[in-house]
Amino acid sequence: MVTRKEVAELAKVSEATVSRVFNGLGPMKPATKVRVLEAAKVLGYHPNAIAQSFARRRSGNLGVVLPYMPKVHLFSAYYFAEILSGIGEQVREQGYDLLLSLLTPDDDLDYGRLYRSQKVDACVILGARDTESQRRSLLELQEQGMPFCLVNQRFEGLSFLEVDADHVAGSYQAVRHLLDEGYRKIAFLNGSPQYTNSLDRLQGYQKAMLEAGLTIDPSLQFEGNYSRTSGYEIAAKLWEIRDQVEAVFAANDRMAIGLMQGLRERGWIAGRDYAVIGCDDSDAAKLSDPPLSSIKVPFFEMGKGAARAVLASVGQGNNEVGLQVKLPTELKIRQSSKSGIVRTDS
């Protein structure tokens, strides 16, 4: 095995200089760095990764914090799978490894323990909710200078590094499409208001309805939990007021597909008896019966951008405070929202 001493002798520098080159420490003449790297290449020298991490006081890991949800196959969910794929690609390109951490709502929200144990150099946080404990824990991280990035969540009044999609514009597009198709009685199936994307989608829905001169009817607004089961359960409630509903905008595809299934069992077919649009543009949207119109959200790009942004801040002494990246969405129109039967009796 080639040693650091041999590299130093060939490059005519000290062992300490070789160490600084491979650990990226301190100022150095470019010519000296080139000489050391060329000597290492000639000798086939590869520094010890563990020793490097201690020298740099870095782990070489990017942490990804996920919400632990019992009975939910988290990694098969399109939302998480796409974001994690994007994070993984960026991490691989930058020579980092991933460390996943599952967090239950009952856990003491001490994100800092991941950093204090030198397990991670930075974190991407998924599934955060706007609660007092979340706010307190994130503020502590920021005050300690620990790099982190939020995906698909913001905290009003606080400035964190965030990567999100333009959910307001996406929802507005969806409802605008339904209005253009002639529908006026449009129900909205949303997720929990603890997630800011739920608030954004509500804003987009309301904006389109009000611009069309329509009244926002609270009885046509339903709340699920972004699961297919919750959409299926809402179908029973919507069925009871079906004479007041011509179309539905659902805040994600899973709820939309559950709703379609529940209403189909009662004899109401999407794209024939009512229109429906989901959000995410998941694989399931393309395979549902009928194919589901949906808002395409760039989850893969969001994950990739979050990893890139937060890793750029490692060792820089800042966390890009207040930097908010917002990516565009796109409406994908399929059969579920193109009904040949449009009721215009209202």
- Excluding sequence neighbours, so at least two apart, what forms salt bridge (Lys or Arg N to Asp or Glu O under 4.0 Å) with Glu15? Arg4
- Query: Would you call the rings of Tyr205 and Phe188 parallel, tilted or perpendicular if under 30° counts as parallel and over 60° as perpendicular?
  - Reply: parallel
- Message: We want to know whether Ser227 and Thr229 form a side-chain donor-acceptor pair, criterion being a heavy-atom distance below 3.5 angstrom.
- Response: no
- Task: Kindly indicate whether the side chain of Ile333, heavy atoms from C-beta on, has any atom under 4.5 Å from the side chain of Lys338.
- Result: yes
- Message: Is it the case that the side chains of His177 and Ser293 hold a donor-acceptor pair, with the cut-off being a distance below 3.5 Å and no angle test?
- Response: no
- Item | Partner residues of Arg92 under the salt bridge (Lys or Arg N to Asp or Glu O under 4.0 Å) criterion, sequence neighbours left out | none
- Query: Are Glu6 and Thr3 close enough that a side-chain donor and a side-chain acceptor fall under 3.5 Å?
  - Reply: yes
- Message: Is it the case that the side chain of Thr131 and the backbone of Gln134 share a donor-acceptor pair, with hydrogens and angles ignored and the cut-off at 3.5 Å?
- Response: yes
- Task: Apply salt bridge (charged side-chain N to carboxylate O under 4.0 Å, His left out) to Arg154 and Asp200, showing your working.
- Result: CA-CA 11 Å; Arg154 66 179 183 278; Asp200 290 345; 2.8 Å; yes
- Message: Do Tyr183 and Ser337 pair up side chain to side chain, a donor and an acceptor below 3.5 Å, judged on atom types alone?
- Response: no
- Message: Within the 4.5 Å heavy-atom criterion, are Met302 and Val297 side-chain neighbours or not?
- Response: yes
- Taking atom types as modelled and ignoring hydrogens, do the side chains of Lys185 and Gln244 form a donor-acceptor contact shorter than 3.5 angstrom? no
- Parallel, tilted or perpendicular: which describes the rings of Phe299 and Tyr78, with under 30° parallel and over 60° perpendicular? perpendicular
- Nearest heavy-atom contact between Pro298 and Thr329 is CD-CG2, 4.5 Å
